[in-house]
Amino acid sequence: MFGSPGRMSGLALRCAQWLFAAASIGFMITAPGFFNSTAFCYLIASMGLQILWSFGLACLDLHALRMKKSLRNSVLLCLFAIGDWVVATLSLAAASSSAGVAILYSRDLDYCRLPPHIPCSKIEISVAFAFISWFLLAISSLVTFWLLGTV
């Protein structure tokens, strides 16, 4: 199945997850004044957790591919499913709250045009990358949950 742990598609999915999460952090920390909002700090913390989780599982996938081992073990799949759901929930909450604050800043309070100028475009790109990363994590969590039911 596409995105299964221990397969090349699973490795590609995990690598894409942590790359988009890293891009989200990168754009957010280059926006001066991001630390004034708790939602943006929460986004950085959540994306940091997603980087650690996805990178760790990508390394495990790479090891399984190199050693030609299967990761279709009920205990491992249960751990992957629970971890994916926890990280996905935190990532969705962080991306949604950051999107709400970004809309508030850009459309309602005009912080993007009035002093102090907040670079809303960088924040919006960071939030978009966070949603893409969450979407990829949601795919792999659903695949893992589906595989857990078949083991």
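The analysis underlying the following values was restricted to heavy atoms, covering all of them including side chains, and did not include hydrogens, waters or symmetry mates.
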Next on the checklist: Please tell me whether R72 and T150 have a donor and an acceptor in their side chains that are separated by less than 3.5 angstrom.
Outcome noted: yes
Item to check | Inter-residue atom distance F2.CZ - I139.CD1, 0.5 Å rounding | outcome: 6.5 Å
Checklist entry - Can you get from V143 to L71 by hopping between Ile, Leu, Val, Met, Phe, Trp and Tyr side chains that sit under 4.5 Å apart? => result yes
Checklist entry - What's the shortest heavy-atom distance between G6 and D61, and which atoms? => result N-OD1, 2.8 Å
Checklist entry - In terms of the angle between their ring planes, are F129 and F20 parallel, tilted or perpendicular, with boundaries placed at 30° and 60°? => result tilted
Item to check | Contact summary for I123 and A31, nearest pair of heavy atoms | outcome: CG1-CB, 4.0 Å
Item to check | Closest heavy-atom pair and its distance - L79, W53 | outcome: O-CH2, 3.9 Å
Next on the checklist: Count I, L, V, M, F, W, Y as connected when their side-chain heavy atoms are under 4.5 Å apart, and connections chain through other members. Are F135 and I125 then in the same cluster?
Outcome noted: yes
Item to check | Exam field: side chain Q50 to backbone S91, donor-acceptor pair closer than 3.5 Å | outcome: no
Next on the checklist: Nearest 0.5 angstrom please: H63 NE2 to L57 CG, how far?
Outcome noted: 13.5 Å
Next on the checklist: Please find the pair of heavy atoms, one from S126 and one from L43, that lie closest to each other, and give the distance.
Outcome noted: OG-CD2, 3.6 Å
Next on the checklist: Parallel, tilted or perpendicular: which one describes the rings of F40 and Y105, with boundaries at 30° and 60°?
Outcome noted: perpendicular
Checklist entry - Is the backbone N or O of A138 less than 3.5 Å from a side-chain atom of S141, with the two atoms forming a donor-acceptor pair by type? => result yes
Item to check | Nearest non-hydrogen partners of Q17 and S133, listed with the distance | outcome: O-OG, 3.0 Å
Item to check | Heavy-atom donor-acceptor pair, S54 side chain to I51 backbone, under 3.5 Å | outcome: no
Next on the checklist: Quick one, F34 and I29 - any side-chain contact, counting heavy atoms below 4.5 Å?
Outcome noted: yes
Next on the checklist: Taking the side chain as everything from C-beta on, heavy atoms only, tell me whether V127 gets closer than 4.5 Å to F131.
Outcome noted: yes
Next on the checklist: Grouping I, L, V, M, F, W and Y whenever their side-chain heavy atoms are under 4.5 Å apart, do F80 and L148 come out in a common cluster?
Outcome noted: yes
Checklist entry - Side chains of W134 and T89: does their closest heavy-atom pair fall under 4.5 Å? => result no
Checklist entry - So W18 and F55, would you call those rings parallel, tilted or perpendicular, with 30° and 60° as cut-offs? => result perpendicular
Item to check | Side-chain donor/acceptor of S96 to backbone N/O of L92, under 3.5 Å | outcome: yes
Next on the checklist: Closer than 3.5 angstrom, by distance alone: can the side chain of S98 be matched with the main-chain N or O of A39 as a donor-acceptor pair?
Outcome noted: yes
Checklist entry - Once you round to the nearest 0.5 Å, how far does CG of L52 lie from CE of M47? => result 12.0 Å
Checklist entry - So how far is it from C59 SG to L11 CG, rounded to the nearest 0.5 Å? => result 9.0 Å
Next on the checklist: Let me check something: do L147 and L76 share a hydrophobic cluster, defined by ILVMFWY side-chain heavy atoms less than 4.5 Å apart, either directly or through other members?
Outcome noted: yes
Checklist entry - For the residue pair I44 and I25, what are the closest heavy atoms and their distance? => result O-CD1, 3.8 Å
Checklist entry - Crowded around F27 CZ? As in, over 12 foreign heavy atoms under 6.0 Å? => result no
Item to check | Main-chain N/O of L137 paired to S140 side chain as donor or acceptor, under 3.5 Å | outcome: yes
Checklist entry - Is L142 reachable from V86 through a run of I, L, V, M, F, W or Y residues, each pair having side-chain heavy atoms under 4.5 Å apart? => result no
